[in-house]
Amino acid sequence: MIPAWAQIGNEITAGMLWPDGSTSNWSQLGKLLNKGYDAAKAVDSSIKVVIHLDQGNDNSRFRTFFDNAATQGVRYDIIGLSYYPYWLGTDYTITINDLGNNLDDMVSRYGKEVMVVEVGGIIPGFRIPTACLCRSLKKSKQFQTTKGWV
């Protein structure tokens, strides 16, 4: 069985394998990410490589990371985003459009596919978390026919 996707690291906004792979050492982080890409593609060239950051509603965070990745020649296929509005200290209805705008910007700015890979929250009852998940999926589905995954 060959996976469709391989994610290199998890929510790596500050880098991975610190201190060598921190974002304060972008040349080394770029090399590590490219080695991960090469390893996934060595298993099967059809595997899509995901680079995944947290706070998917924060466009500045994503632009900073992926602009630096572009400068370092980092190879990847999909931009993965987490979206946990509860831990952002805000209601999802305030930030959900920012998630959608960031998805749109990532597609247009970098020409990559996008995927919301994590969504959640701790809110009493099921109605609000379910609504948050449904709205997040709806934002993702806007890109499904072009550059998005649900």
Side-chain angles (χ1 to χ4, degrees), residues 1-90 92 95-123 129 132-150:
M1 177 177 278
I2 301 296
W5 312 295
Q7 181 175 293
I8 310 303
N10 184 57
E11 295 186 342
I12 62 167
T13 308
M16 62 183 196
L17 301 171
W18 296 346
D20 296 334
S22 80
T23 52
S24 62
N25 188 0
W26 257 105
S27 63
Q28 184 64 22
L29 177 56
K31 290 175 188 172
L32 290 169
L33 290 170
N34 281 335
K35 289 292 185 182
Y37 178 93
D38 292 343
K41 297 293 185 172
V43 171
D44 189 289
S45 63
S46 70
I47 295 172
K48 294 193 176 203
V49 175
V50 180
I51 295 182
H52 168 203
L53 307 184
D54 63 334
Q55 297 185 26
N57 61 297
D58 186 340
N59 183 252
S60 175
R61 172 184 289 258
F62 276 72
R63 279 187 171 210
T64 297
F65 186 93
F66 286 101
D67 284 353
N68 279 301
T71 298
Q72 296 301 318
V74 173
R75 297 182 313 278
Y76 60 97
D77 303 303
I78 300 172
I79 295 173
L81 304 88
S82 287
Y83 180 61
Y84 290 101
Y86 176 84
W87 284 276
L88 300 173
T90 186
Y92 80 91
T95 57
I96 190 73
N97 287 331
D98 294 334
L99 172 66
N101 292 336
N102 193 31
L103 288 165
D104 186 45
D105 185 56
M106 293 299 101
V107 169
S108 63
R109 186 174 180 90
Y110 304 107
K112 300 293 184 178
E113 297 176 30
V114 292
M115 178 187 296
V116 178
V117 296
E118 296 178 22
V119 176
I122 301 175
I123 304 170
C132 174
L133 178 59
C134 290
R135 291 276 305 274
S136 299
L137 287 171
K138 185 176 179 181
K139 290 290 179 189
S140 297
K141 284 182 180 180
Q142 293 173 352
F143 301 93
Q144 192 169 12
T145 58
T146 57
K147 294 276 188 183
W149 293 91
V150 177

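For this chain, numbers begin at 1 and follow the sequence in order.
- For the pair Gln7 (side chain) and Gly9 (backbone), a donor-acceptor distance under 3.5 Å is present.
- The shortest non-hydrogen separation linking Leu99 to Gly56 is CD1-O, 3.6 Å.
- When atom types are taken as modelled, the side chain of Asp54 and the backbone of Ser82 share no donor-acceptor pair closer than 3.5 angstrom.
- Considering only heavy atoms from C-beta on, Asp98 stays 4.5 Å or farther from Asn59 through its side chain.
- Atom CZ of Arg63 and atom CG of Asn102 lie 9.0 Å apart (nearest 0.5 Å).
- Taking 4.5 Å as the limit, some side-chain heavy atom of Ile79 sits within range of a side-chain heavy atom of Tyr110.
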message: Tyr76 vs Leu33, test: side-chain contact (heavy atoms from CB on, under 4.5 Å). Steps then yes/no.
response: CA-CA 8 Å; Tyr76 60 97; Leu33 290 170; over 6 Å; no
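- With rounding to the nearest 0.5 Å, the separation of OH in Tyr37 from NZ in Lys48 is 10.5 Å.
- How far OG1 of Thr71 is from CZ of Phe66: 13.0 Å, rounded to the nearest 0.5 Å.
- Panel note: side chain Asp105, backbone Asn101; no donor-acceptor pair is recorded below 3.5 Å.
- Asn34 places a side-chain N or O within 3.5 Å of a backbone atom of Gly73 that can act as its donor or acceptor partner.
- A 4.5 Å side-chain heavy-atom check between Tyr84 and Glu11 finds at least one atom pair inside the cut-off.
- Atom CE of Met106 and atom CG of Leu81 lie 7.5 Å apart (nearest 0.5 Å).
- Judged by distance alone, with hydrogens and angles left aside, the side-chain atoms of Asn68 form a donor-acceptor pair with the main-chain N or O of Thr64 at under 3.5 Å.
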task: Check step by step if side-chain contact (heavy atoms from CB on, under 4.5 Å) holds for Leu53 and Ile12.
output: CA-CA 5 Å; Leu53 307 184; Ile12 62 167; 4.0 Å; yes
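- Within the 4.5 Å cutoff, the side chain of Lys112 has no heavy atoms near those of the Ile51 side chain.
- Using a 4.5 Å cut-off on side-chain heavy atoms (C-beta onward), Asn10 and His52 make contact.
- Looking only at side-chain heavy atoms (C-beta outward), Gln28 and Leu17 stay at 4.5 Å or farther from each other.
- Considering only heavy atoms from C-beta on, Val117 stays 4.5 Å or farther from Ile78 through its side chain.
- Between the side chain of Ser108 and the main chain of Asp104, a donor-acceptor pair closer than 3.5 Å is present.
- Within the 4.5 Å cutoff, the side chain of Arg61 has heavy atoms near those of the Thr13 side chain.
- With respect to the salt-bridge test (charged N to carboxylate O, under 4.0 angstrom), the residues Asp77 and Lys41 qualify.
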query: Are Ser45 and Ile47 close enough, and set up right, to give a side-chain contact (heavy atoms from CB on, under 4.5 Å), and what steps lead you there?
result: CA-CA 6 Å; Ser45 63; Ile47 295 172; over 6 Å; no
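- Heavy-atom minimum distance, Trp18 versus Ala14: NE1-O, 3.0 Å.
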query: When you look at Val116 and Leu103, which way does the side-chain contact (heavy atoms from CB on, under 4.5 Å) test go after all the steps?
result: CA-CA 9 Å; Val116 178; Leu103 288 165; 4.1 Å; yes
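- The structure places OH of Tyr83 at 12.0 Å from CG of Asp58, a figure rounded to the nearest 0.5 Å.
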